[in-house]
Q: 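First the structure, which I've put down as structure tokens, then a few questions once you've had a look.
Order of appearance sets the numbers: ligands from 1, and atoms from 1 within every ligand. Fair warning: this is a prediction, and the values are worked out from it, not measured in the lab.
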Amino acid sequence: MAIRTIRQAGDEILKKKSKEVENVDEKIVELVEDMIETMHKYNGVGLAAPQIGILKRIAVIDLYEEGDGPVTLINPVILKEEGTQTVDEGCLSFPNQFAKIVRPKKVIVEALDKDGKNRTIEAEGLFAQAISHEVDHLNGEVFVDKIIPGTLETYNPEEEKKDKKKKK
Ligand code: NI
């Protein structure tokens with residue numbers, strides 16, 4: 001396992017659309033493990049493969065105390081979105097930036113897990129927000145492009161340490 005470098009705002013790869021994974025083989029499993037390790041290292045709630053420079057449709061999410069451990073989504077497809085929630089959001093590729101954004105309140109997503117098994121997950125609240133955010137990354141979309149205008153705030157890292165806001 002290894003910590004990967006997170007691509008930051010302005011990196012063109014973040015605007016590119018990722019390709020489907022054809023086969024969940026050992027290399028993909030290793031990549032997923034690195035992504036989980038990297039997400040944990042930087043206290044992220046989620047991480048998508050393009051954020052570490054790999055244009056594959058893979059995302060990992062961990063809600064920590066609000067969830068049941070890391071979730072892997074390979075080739076995720078959102079089947080249904082329901083309702084909306086206005087939430088505070090950040091992203092590991094946009095350090096220290098947070099803004100308000102409207103996300104679906106509930107999503108139903110179909111994806112392969114890291115064993116290559118097809119799963120359907122029903123998510124709400126933070127989990128639904130994270131899925132929506134990560135699937136956007138796989139489509140080359142970043143949260144700052146969708147925020148409620150005028151809500152972007154930049155925190156200085158010292159304040160952020162005290163605050164421990166979760167990033168995706
Ligand atoms: Ni993100």
Q: The criterion is side chain to side chain contact (heavy atoms under 4.5 Å, CB included); which residues satisfy it with Asp113, sequence neighbours excluded?
A: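 Per chain and number, Asp113 pairs via side chain to side chain contact (heavy atoms under 4.5 Å, CB included) with Asp115, Lys117, Arg119.
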
Q: Check this for me: does any side-chain nitrogen of one of Lys106 and Glu122 sit under 4.0 Å from a carboxylate oxygen of the other?
A: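 A salt bridge is absent here (no side-chain N lies under 4.0 Å from a carboxylate O).
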
Q: For the Ni ion (ligand 1), state how many protein N, O or S atoms fall inside a distance shorter than 2.8 Å.
A: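 Number of qualifying protein atoms: 4.
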
Q: Any donor-acceptor pair under 3.5 Å linking the side-chain atoms of Gln129 with those of Glu89?
A: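 A donor-acceptor contact under 3.5 Å links the two side chains.
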
Q: Give every residue pair that meets the salt bridge (charged side-chain N to carboxylate O under 4.0 Å, His left out) criterion with at least one member in residues 12-21, sequence neighbours excluded.
A: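 Those involving residues 12-21 are Lys15-Asp145.
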
Q: Please tabulate, for side-chain N and O atoms in residues 31-41, each donor-acceptor pair with protein atoms closer than 3.5 Å (sequence neighbours left out).
A:
{"from": "Asp34", "atom 1": "OD1", "to": "Ala2", "atom 2": "N", "distance (Å)": "2.8"}
{"from": "Asp34", "atom 1": "OD2", "to": "Arg4", "atom 2": "NE", "distance (Å)": "2.8"}
{"from": "Asp34", "atom 1": "OD2", "to": "Arg4", "atom 2": "NH2", "distance (Å)": "2.8"}
{"from": "Glu37", "atom 1": "OE1", "to": "Ala2", "atom 2": "N", "distance (Å)": "3.1"}
{"from": "Thr38", "atom 1": "OG1", "to": "Arg4", "atom 2": "N", "distance (Å)": "2.9"}
{"from": "Thr38", "atom 1": "OG1", "to": "Asp34", "atom 2": "O", "distance (Å)": "2.7"}
{"from": "His40", "atom 1": "NE2", "to": "Asp62", "atom 2": "OD2", "distance (Å)": "2.7"}

Q: Within the 3.5 Å criterion, strictly below it, is a donor on Glu110 or Thr120 matched to an acceptor on the partner's side chain?
A: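 Note: Glu110 and Thr120 side chains miss the donor-acceptor criterion.
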
